[in-house]
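For reference, the structure is listed below as structure tokens.
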Amino acid sequence: MLYKKLIIEDPSALMFGLAPKPVSTPRGLVIGGGKVYSELNFTLPEMRINQTTVQEVYGHYTETVKGALDRAVHLNSAGVIIEFETLLEMTRYPEIGIEIIKRMNEICEDYFVKHGLPTEIRLTPNDLREFERPALQRTSKLLDPMMELFEKGMTAGGDLLSIESTGGKEVSDEALMMCDIKGVLFALAVLGVRDMRFLWRKIVDLARSQGKIAAGDSACGFANTAMVLAEKKYIPRVFAALVRVISVVRSVVAMEEGAVGPDKDCGYEGPYLKAITGIPISMEGKTAACAHLSPIGNIACACADLWSNESVQNIKLLSGMAPVAYMEQLEYDVRLMNEALKAGTLHRDILQQLLVSSDIYTDPQALVLAPDNVIAISKALLTGDSYVANARNGALKALDIIEEAHTSGKMVLPEMELTWLPLLRDDLQSIPDDEERFVEMMLPMLDQSKFILSEYGL
Amino acid sequence: MLYKKLIIEDPSALMFGLAPKPVSTPRGLVIGGGKVYSELNFTLPEMRINQTTVQEVYGHYTETVKGALDRAVHLNSAGVIIEFETLLEMTRYPEIGIEIIKRMNEICEDYFVKHGLPTEIRLTPNDLREFERPALQRTSKLLDPMMELFEKGMTAGGDLLSIESTGGKEVSDEALMMCDIKGVLFALAVLGVRDMRFLWRKIVDLARSQGKIAAGDSACGFANTAMVLAEKKYIPRVFAALVRVISVVRSVVAMEEGAVGPDKDCGYEGPYLKAITGIPISMEGKTAACAHLSPIGNIACACADLWSNESVQNIKLLSGMAPVAYMEQLEYDVRLMNEALKAGTLHRDILQQLLVSSDIYTDPQALVLAPDNVIAISKALLTGDSYVANARNGALKALDIIEEAHTSGKMVLPEMELTWLPLLRDDLQSIPDDEERFVEMMLPMLDQSKFILSEYGL
Amino acid sequence: MNKSPSLAANFVNKLNTFYFSIMEELIAKILEAVEVGKVDQKSPFPPQMRGMEGAFELTTRAIEAGVPPQAILDRSLIPAMEIVGRKFSENKIFVPQMLMSAKAMGAAMVQLKPFFASGAVKTKGTFIIGTVKGDLHDIGKNLVSMMVEGGGWTIVDLGVDVPAERFIEALTQHPGAVVGLSALLTTTMVSMGEIVSRIREYSSDTRILIGGAPVNADFCRRIGADHYSPDPQGAVNYLNRLIA
Amino acid sequence: MNKSPSLAANFVNKLNTFYFSIMEELIAKILEAVEVGKVDQKSPFPPQMRGMEGAFELTTRAIEAGVPPQAILDRSLIPAMEIVGRKFSENKIFVPQMLMSAKAMGAAMVQLKPFFASGAVKTKGTFIIGTVKGDLHDIGKNLVSMMVEGGGWTIVDLGVDVPAERFIEALTQHPGAVVGLSALLTTTMVSMGEIVSRIREYSSDTRILIGGAPVNADFCRRIGADHYSPDPQGAVNYLNRLIA
Ligand code: B12
Ligand code: B12
């Protein structure tokens, strides 16, 4: 890692709404500047996207944004980020994505002028490269439409650039199912890091060319996949917690290349990125239960600067359209945090403490999101001279913390989980400091038909 | 009102999770005894209920309860109330409702035995009498299936009895649309009070005969209708706030007749009932945005003992079934409150303060739910020798509080709202103390073809 | 106006102009009375017009003065309710104000009744509306029916808990009428589909408009209704497009 | 056993009993190896069985000892995977443990391959599975295919992003196979409907099973698929009912 020292060293400074390096947006949001804002994400109901339905698709997006912003105005919202996480066709045929942004942005502008509500669009194209297997991370033609959508989408009104990039996923998918922590570390700290560098250099350049905000990435496809699998009791929760920690060294590369935050909502590595780099972050928890259940409903907002619902279909609930209902739920959560920020340090500290104690000892994945532990593990993540060593050291520290919480009786772990602890520790300890040696060690164990080393500059 | 003195006189004692007269349930919940529990309510997706679909209906109820309780166990829930608010056919043909309760109760028992999760069913039949117009509140044959469902539904496993009774609604519906505060007061403090007395005497008797809990009613059809209309900007919010206050004198009659709480979730008069009678209450706010939007998302839980989602259809969201997602959202909200209760008075007071300050000055309907104001208005509600005088005095006090908040600059009210304040005051002041005189005064102004006085014992 | 009028012609002209201006003034006053919801002289609403003439008196005078009833309808009542409807959609007035306007319009209509009967005045058409079987929610339905009436349609309100037969019965009495269905429960919205089919069986070209909180455009397509509107204004617009 | 056996008969009998018990023991050991996921002798998993024979070696020995291959399949592999599947559904083991069992079963199957070819051993049938066009999510699909394989079916996994043609192509190669479709996106689940129709056009009696997070039983009915299962165990149960 390029970072050698934490920007936030004191856990009590890791606080919602406050980031050492706030990000200002054109319509006047100051993310991390003392207030938490809602980030609303929504998607289409069950439907096809093609020539004959595309007008209907546009209708869904404009109707939803209008409905949500109406509600936000009604609730005196301080500002909203609308995340536009594209569906495949919208990146594959960038003109569709661009048109949607244009129309949504007109509405945002309208609400800004008429009601003073500041709203920005986060543009998150798909990483199409995963459609080719083995993936051509650097030479794929599919990079073209992605980059086109970034470029023209910014012009159309996308102000914050993000992506859930997938470098290393071809290895991680199988490693997750096998609970192979070395495989995961290889996927994230070797392949992921290298792909992030390649991709984010491009994105940051694009953003700079138009004066836009290169926001950040998310290891969703790795660590949230692990979390979802763990919630289904498919893999151990202790394993999923380590995957989360390892994902930090991969996602931080966006910042090393110049991204400034807010990172993407589904990246629970956010608190680490905030501690290490000082950027503001987007998080999601209980109010994202529409998109995934989680063991971190409250603790996830302990140091959030944006608070998101991850995604909800534009379907009708008893009250009205689901995105409008979720807009309301987010706004009330956010109000609570903002009231606490306004009321002063005692109030905000107590609210954070409650959010943390609510979940901390219910799941190792919650444990590693508690500010104290984030700082302790972040420090470990900075030790070592390679991303591989960083990741391993961070994971070992997390393991210590998990074991300590168990042996002290604070966190109860069932036998099924406990048997994994020594196995995971052995595996982690067998990982060398040096990237090259690690690659050598791993190659024989991996199915090399699934990935192409040269596509990662190896 | 029979009550002459508040049970809770000190606003700081009006606290979530704590009721002077907690209610213990068979499976060991102590509602109002120091912990807040979730109350989950759900309903069918768009479908018909008849002979051919009834098995599918049962399937929805059992699947939903299983899914929700699974999630509750996963999240270490302290306990859950499942509200079974029947759909029409389930009261009209009580055997359907009874069968659903039986099947749900088996699942509850199973989760209690296997996982130690205490769960109870709140049984809320429909008030069928409104199917006849003018309504035959006392002599209707439709009372039979309602009472049958209560009686056999208890035996089948319904432990808490509730209803949203509709006495006076035939007058209130029109009065709401005309913003006729005298009409509303007549509907609630004359007709509503008399019908509540008639109905709840029966329900309390039934409950006692089986040792079950006569829980409480809700003026949903009156005051929440007003709230929904106000959210749509159809009627003034100041008017809706007064309707809420007036509804107290009607809903409190259930307690006068022996109901012990928790009152029904959609009754935002709950805090008043708690102050006046000491019962535990059920409330709903942001996490009921699936069922209705509201201006009281956070403040509604300032003194809740149960926290409810009001209702969500059993439809699929991206994470899973909607009731499961809402179960999770409720549990996290509840955890926050319970952590605060555990942490001590400073923490719980600060959390309550944040919940209150979040909403208090955004809407007069929020204003009248702030503990200070609840106590002040409750005191006014106890003055006077008739329900009519009680209601009028409470409403006038609420009006004072609203005006004060406006003139002091704490709450901004638009011109459109302000013009209603003097009109409402004039109207209220014209109401006499005496019920008989009030009835005389109102009769000429009302469409008497719409209600039958003798059905209210007049 | 003539360029070089004779004296008599001039007088007639002036008289015409005079009468014309009186008539114009009355038309404008009725419009205003309906817009602000002034029903009749003794009505206390709106407070600032206490004691002044209302829609009732103004319409009596207008008819006496020879204002064509159709003009009262087309140039006073409907435009007034259009303004009211627009203000309402823009959240500039509350329902009671709209209701007072509807009452004022009703007071005027009482005077126009004979002319409808004689065929001297025509409404835009008939709108049959009801809340479907099993459902008692009627607040939304009432708002829609009020606004559509204000838009110049004749309303047949069947109330709540209305089965297919009652809609068909109403159609036999009002052939060519447009039908509006309202439902607020997810369990009753499914009966909409049945009612639509039953109506179609009876007369395949009847236009059917649906609404209510759980309903949406997709559902409308699925059950084969003609139009969904989320609000009263949309219903009025759709109906007006039908006869445009 | 005979009541008063001759000496020779007695000996043969004893020998039989001996062989029988050896065979039984091998069958039980293979079952155990698959259940705990012991692939072969050199496999380090599970730690407590380090160095011991695995499914591979045990199956070799069993075949040499004359255990009928069909018995190995029916009495060791399938029951072992059934136990594993049940434990998994009851959340008593994690996926990697299930995967190791699947691997162990695979190692045994390698030995049985020749007998399948000769017809001496039969699987329950063929299951063609794939994630539908436009969709890359495959974790769920992989779990299903693993469990179905464990249930004694031959698997044809078409991978992800699979168009209708590829399913049909596979059906031409495996007539009578059951088809499984997986989708995780609300935008791709709609292509399920199309794929189902295309398959039905090609062979109307093919059984089609669907799954994936956004899918449900209602949707299954709507698109005319035969069965929806929320999880792998349900898929296995359904398939077994098909051939019961
Ligand atoms: C992991 C994951 C990914 C991984 C996929 C890795 C992989 N190799 O599969 C990655 C990161 C690549 C990914 C990408 C995307 N994803 Co994704 N992803 C998920 C996530 C987090 C978990 C899915 C998962 O693996 N679950 C675990 C498995 C075991 O469960 P399962 O798949 O449901 O399968 C079980 C059952 O359904 C059943 N089953 C499954 N298939 C079948 C088949 C049969 C025949 C039967 C009987 C049963 C059955 O059995 C399984 C075991 O119990 C979900 C969130 C969620 N809550 O589900 C989002 C989710 C599905 N993804 C989503 C999205 C939007 C995307 C992207 C479009 C994101 C983007 N903008 O780039 C891309 C799309 C790529 C593409 N074209 O497919 C959305 C879908 C929203 C929508 N509108 O539909 C979700 C819901 C996330 C969200 N909440 O927004 N995703
Ligand atoms: C008021 C109300 C009642 C009142 C009804 C008073 C009355 N006279 O109408 C009372 C208390 C009696 C009541 C009873 C019940 N209700 Co109710 N009720 C509501 C509430 C709070 C507001 C509805 C309302 O009036 N809204 C205001 C009006 C103006 O809006 P609207 O009706 O949507 O109409 C607008 C548009 O939809 C449109 N529109 C409407 N109709 C039409 C028609 C056409 C042709 C067009 C073009 C447009 C159109 O224009 C209108 C103006 O903009 C809703 C909650 C909600 N969020 O909607 C629940 C709600 C509808 N009720 C609900 C329930 C469950 C019930 C009961 C079953 C409760 C019970 N267990 O007893 C009973 C059912 C009685 C019955 N058989 O109908 C549920 C429905 C759940 C479900 N599964 O479907 C809701 C959603 C509450 C909830 N969140 O759980 N209810």
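In the text below, chain A, chain B and the rest are named by the order of the sequence lines, each starting its count at 1. Both backbone and side-chain heavy atoms feed into the values below; hydrogens, waters and symmetry mates do not. Everything numeric here is computed off the predicted structure, so don't read it as measured data.
The closest side-chain heavy-atom distance from B:Gln313 to A:Lys316 is not below 4.5 Å. The shortest side-chain heavy-atom distance between A:Val312 and B:Leu318 does not fall under the 4.5 Å cut-off. Looking only at side-chain heavy atoms (C-beta outward), B:Leu354 and A:Ile350 stay at 4.5 Å or farther from each other.
Taking chain A as the reference chain and counting heavy-atom pairs below 4.5 Å, the highest number among B:Ala343, B:Pro295, B:Pro45 is found for B:Pro295. Between chain A and the options B:Leu330, B:Asp333, B:Thr43, B:Asp363, the largest number of non-hydrogen pairs under 4.5 Å is found for B:Asp333. Across B:Ala291, B:Ala340, B:Gly320, the residue that shares the most heavy-atom pairs under 4.5 angstrom with chain A is B:Ala291. When the candidates B:Arg335, B:His292, B:Lys233, B:Met327 are compared by the number of heavy-atom contacts under 4.5 Å with chain A, B:Arg335 comes out ahead.
With hydrogens and angles disregarded, a donor-acceptor distance shorter than 3.5 Å links the side chain of A:Tyr332 to the backbone of B:Gly297. For B:Glu328 (side chain) and A:Ser294 (main-chain N/O), a donor-acceptor pair under 3.5 Å exists by modelled atom type.
Contact annotation for B:Ile296: only backbone heavy atoms (N, CA, C, O) come within less than 4.5 Å of a heavy atom of chain A. Only the side chain of B:Leu75 comes within contact range of chain A, judged by heavy atoms closer than 4.5 Å. Looking at B:Gln353, the atoms closer than 4.5 Å to chain A (heavy atoms on both sides) all sit in the side chain, from C-beta outward. For chain A, the nearby parts of B:Asn298 are the backbone and the side chain; heavy atoms of each come within less than 4.5 Å.
Annotation for A:Ser319 and B:Leu293: closest pair CB-N, 4.1 Å, computed over non-hydrogen atoms. For the residue pair A:Ala325 and B:Cys290, the shortest heavy atom distance occurs at CB-N, 4.4 Å.
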